[in-house]
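Working notes, structure below.
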Number of protein chains: 2
Amino acid sequence: MKAASLKPDAYAANCPTRQILDRVGDKWAVLILLLLRSEPMRFNQLRRAIEGISQKMLSQVLKSLERDGLLRRRAIATVPVTVEYSITPLGSTLAEAVDPLRDWAEQNLKEVLAAQRRYDAQRKALAA
Amino acid sequence: MKAASLKPDAYAANCPTRQILDRVGDKWAVLILLLLRSEPMRFNQLRRAIEGISQKMLSQVLKSLERDGLLRRRAIATVPVTVEYSITPLGSTLAEAVDPLRDWAEQNLKEVLAAQRRYDAQRKALAA
DNA sequence: CAGAATCCCTAGTGATACTG
DNA sequence: CAGTATCACTAGGGATTCTG
């Protein structure tokens, strides 16, 4: 865990958008948020749903999402203990703000991939 | 430079959204895109505008953005050479899809920070 | 000016084991 | 079940140097 940054650039680091984009860009954060949007889930339930995340990362990301007020953690005193994670209203609004990006991705991924192929073909031609 | 991933999880890695979110989450990519939205810029012009990016990163990010078809690179044969980067239509639509996120960030950063303070205060109380 | 190539170092991440 | 703690790794990113 490191603080934002120590002394650097005035343009990038201070920008509120940066912090949010970092969170959105986080490999798992948005994924978790989107999952919780449909229903509350428990720890291992999320773990299985995501399949590929280590429990360390899951635990870590959940903690920061909770810290940011984007989701809420509820421990239920059963034996063994049950913990339920649910999205907060704030988290929901963020998830909504991400939707246009999802849409863009789905609509334009093909074009991006095509551009990549073109670029790579071009480069290969030059290399020859 | 690594390929997407080799064999892992079916849920996270295959998702088109993941690739895009990675790009959006990239520390500089979106920043650059947003800058270019207003006007084409040259390499060192961007470098100065961002202030804090290393030229390695700038060069690297520019290259992948170009590869993705999100911006276009034009080398003009002057002495010394001039290179101009401009956003593509595809890049513009992505930038637009990011706007809701910017807005969310600006509107809700305060609340996020407040949540963080609450969380931290809570934790400190428990630690005592 | 616009980059490419190197070196280097640390922070992010996974795997493994342990706990309440 | 729901985590925490350790260790060990490597890839991301900065600083520096060189080039067309």
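Note on naming: letters A, B, ... go to the chains in the order of the sequence lines (proteins, then strands), and numbering restarts at 1 for each one. Worth knowing before you read on, the calculation uses all heavy atoms, side chains too, and leaves out hydrogens, waters and symmetry mates.
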Can you tell me if [X] touches the phosphate of [N], counting only side-chain N or O atoms and a distance under 4.0 Å to OP1 or OP2?
X	N	result
A/K63	D/dG3	no
B/S59	C/dA4	yes
B/Y85	C/dC1	no

* Nucleic acid contacts of residues 38-46 of chain B, taken as heavy-atom distances under 4.0 Å to DNA chain C -> B/R42, B/F43, B/N44
Output the rounded distance in Å from [atom1] ([X]) to [atom2] ([N]).
X	N	atom1	atom2	result
A/R47	D/dT4	CZ	P	13 Å
B/R123	D/dT4	CZ	P	8 Å
A/I32	D/dA2	CD1	C1'	14 Å
A/R23	C/dG12	CZ	P	12 Å
A/L58	C/dA15	CG	C1'	16 Å
B/I50	C/dA2	CD1	P	14 Å
A/R74	D/dA2	CZ	P	13 Å

* **Working for side-chain contact (heavy atoms from CB on, under 4.5 Å), residues A/Q19 and B/V112** => CA-CA 10 Å; A/Q19 272 103 96; B/V112 170; over 6 Å; no
Using atom names, set out every protein N or O paired with an N or O of nucleotides 13-15 of chain D below 3.5 Å, distance rounded to 0.1 Å.
| from | atom 1 | to | atom 2 | distance (Å) |
| --- | --- | --- | --- | --- |
| D/dG13 | N7 | B/K56 | NZ | 3.3 |
| D/dG14 | OP2 | B/S54 | OG | 3.0 |
| D/dG14 | O6 | B/K56 | NZ | 2.4 |

Taking the side chain as every heavy atom from C-beta outward, state whether [X] and [Y] have any pair of such atoms under 4.5 Å apart.
X	Y	value
B/Y119	A/K63	yes
A/Y85	A/Q45	no
A/L90	B/W104	yes

* Hey, mind stepping through A/L62 and A/L46 against side-chain contact (heavy atoms from CB on, under 4.5 Å) and telling me if it holds? -> CA-CA 10 Å; A/L62 285 173; A/L46 280 165; 4.0 Å; yes
* Structure fact -> In short, A/I20 meets A/L94 closest at the heavy-atom pair CG2-CD1, 4.4 Å
* Asked: Going by an N to O cut-off under 4.0 Å, is there a salt bridge joining A/D120 and A/K124?
  -> no
* Asked: Which residue lies toward the 5' end of DNA chain C, B/R48 or A/P80, if each is placed at its nearest nucleotide?
  -> B/R48
* Residue pair B/L21, A/D26: steps toward the side-chain contact (heavy atoms from CB on, under 4.5 Å) verdict -> CA-CA 8 Å; B/L21 285 180; A/D26 180 297; over 6 Å; no
* Asked: Is the number of heavy atoms from other residues, nucleotides or ligands under 6.0 Å of B/R72 CZ greater than 12?
  -> no
